[in-house]
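Predicted model only: the values in this text are computed from it and were never measured.
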Amino acid sequence: MYIRNNTIAVVFRVIFIIACGAGLVIKLIYSGFSLNAVMSDFALTANALALIYFAYLIIARPGYEKGIFRGAVTIYMLITFIIYYFMNFGITAIPAGELSLAGCLLYLISPVMVFLDYLLFCRKGEFTAYSPVIWVIIPTIFNMAIYLINRLGASIKPVPYFGFAGMNMVITLLVFLGISYLLFVADNLMAGRRR
């Protein structure tokens, strides 16, 4: 599905920015602006990137989106949803009631809104076969930064993104790459149906 109505897209994206921005502010006020608070949760980075990208879409209103940027934001938020959904409702024993308002906004509502925006307002078929490889660069750099910071003596707790279900960093990034290619294939299938 591809809705070409720019007004509806802008309204939807403004609502996203309000929800995502509120989640980021609440989370950072609660956890503090320390390096550990920011680096121990890739979802903060994913949400911040999505917020910046959606603000760009509202302000610049480009005629079409570049697949690399749209895909990166979409896959980061999709993975955020998957990880935190299973952490809070699925395979672990963490009660769903312990997810805070900021957690609901950043880990569930914002990722769902980004994915809906992709489904409804994004022209399909813009990703290339190399796009998923580019999308995995930021998580890799983020993870390497945590590794280096810890080697220098800090103690940043493991990020759920990169240690999910006991997997090590390399395996997790390969899984991330695999899910990215699933999005690439699904996008091409949706583009084929549209033509």
Side-chain angles (χ1 to χ4, degrees), residues 1-25 27 41-86 103-143 161-162 164 172-195:
M1 180 179 230
Y2 176 43
I3 299 174
R4 298 172 191 267
N5 189 316
N6 197 37
T7 303
I8 296 174
V10 167
V11 169
F12 186 86
R13 289 164 182 170
V14 167
I15 294 170
F16 165 79
I17 285 175
I18 293 169
C20 182
L24 286 168
V25 169
K27 178 77 173 179
D41 193 353
F42 185 75
L44 291 177
T45 302
N47 275 271
L49 289 172
L51 185 77
I52 292 166
Y53 184 70
F54 274 56
Y56 159 74
L57 292 178
I58 291 169
I59 295 166
R61 296 194 187 183
Y64 70 95
E65 297 181 60
K66 297 193 176 181
I68 289 174
F69 299 122
R70 164 56 82 164
V73 167
T74 303
I75 198 67
Y76 298 158
M77 295 297 272
L78 182 62
I79 297 292
T80 295
F81 176 84
I82 291 169
I83 296 297
Y84 288 96
Y85 177 84
F86 280 115
C104 287
L105 290 170
L106 295 176
Y107 309 143
L108 302 176
I109 294 171
S110 292
V112 167
M113 289 188 75
V114 168
F115 192 67
L116 283 175
D117 188 271
Y118 160 73
L119 288 177
L120 298 175
F121 306 116
C122 180
R123 188 171 64 182
K124 311 303 182 290
E126 299 297 321
F127 304 152
T128 69
Y130 300 106
S131 293
V133 176
I134 296 170
W135 301 339
V136 85
I137 290 173
I138 290 179
T140 301
I141 291 171
F142 187 89
N143 204 13
Y161 250 70
F162 308 114
F164 187 58
T172 306
L173 290 172
L174 289 174
V175 170
F176 183 96
L177 190 60
I179 294 172
S180 298
Y181 270 105
L182 287 177
L183 178 62
F184 166 72
V185 170
D187 182 79
N188 279 337
L189 290 173
M190 286 186 279
R193 289 194 197 106
R194 183 171 54 82
R195 287 176 189 144

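The side chain to side chain donor-acceptor pair (under 3.5 Å) search around Asp117 returns Arg13, Arg70, not counting sequence neighbours. For Ile18, the side-chain contact (heavy atoms from CB on, under 4.5 Å) test picks out Val14, with sequence neighbours left out. Scored by the ring pair (Phe, Tyr, Trp, His ring centres under 6.0 Å) test, Phe184 finds no partners at all (sequence neighbours excluded). Judged as a side chain to side chain donor-acceptor pair (under 3.5 Å), and not counting sequence neighbours, the contacts of Ser131 are Thr128.
In this structure, Ile137 CD1 and Ile68 CD1 are separated by 9.0 Å, a value rounded to the nearest 0.5 Å. For the atom pair CZ of Phe12 and CZ of Phe121, the computed distance is 6.0 Å after rounding to the nearest 0.5 Å. In this structure, Thr74 OG1 and Leu78 CG are separated by 8.0 Å, a value rounded to the nearest 0.5 Å.
For the pairing with Tyr107, the side chain to side chain contact (heavy atoms under 4.5 Å, CB included) check across Ile82, Thr80, Val112, Ile83 returns one residue only, Thr80.
Taking the side chain as every heavy atom from C-beta outward, Tyr118 and Leu183 approach each other to under 4.5 Å. Side-chain atoms of Leu105 and Lys27, non-hydrogen and from C-beta on, never get closer than 4.5 Å to each other. For the pair Val185 and Phe127, the minimum side-chain heavy-atom distance is 4.5 Å or more.
Other residues, nucleotides and ligands contribute at most 12 non-hydrogen atoms within 6.0 Å of the CZ atom of Phe69.
Closest approach of Leu177 and Pro132 over heavy atoms only: CD1-O, 3.5 Å. Closest non-hydrogen pair, Ser110 versus Ala19, comes out as OG-C, 4.3 Å.
Between the side chain of Asp187 and the backbone N or O of Gly125, at least one donor-acceptor pair lies under 3.5 Å. In this structure a side-chain-to-backbone donor-acceptor pair under 3.5 Å is missing from Tyr76 to Pro111.
For residues 127-143, there are no salt bridge (charged side-chain N to carboxylate O under 4.0 Å, His left out) pairs, not counting sequence neighbours.
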Extract all donor-acceptor atom pairs below 3.5 Å that involve side chains of residues 44-60 and protein atoms in other chains or at least two apart in sequence.
from	atom 1	to	atom 2	distance (Å)
Asn47	ND2	Ala43	O	2.8
Asn47	ND2	Leu106	O	3.1
Tyr53	OH	Glu65	OE1	2.5

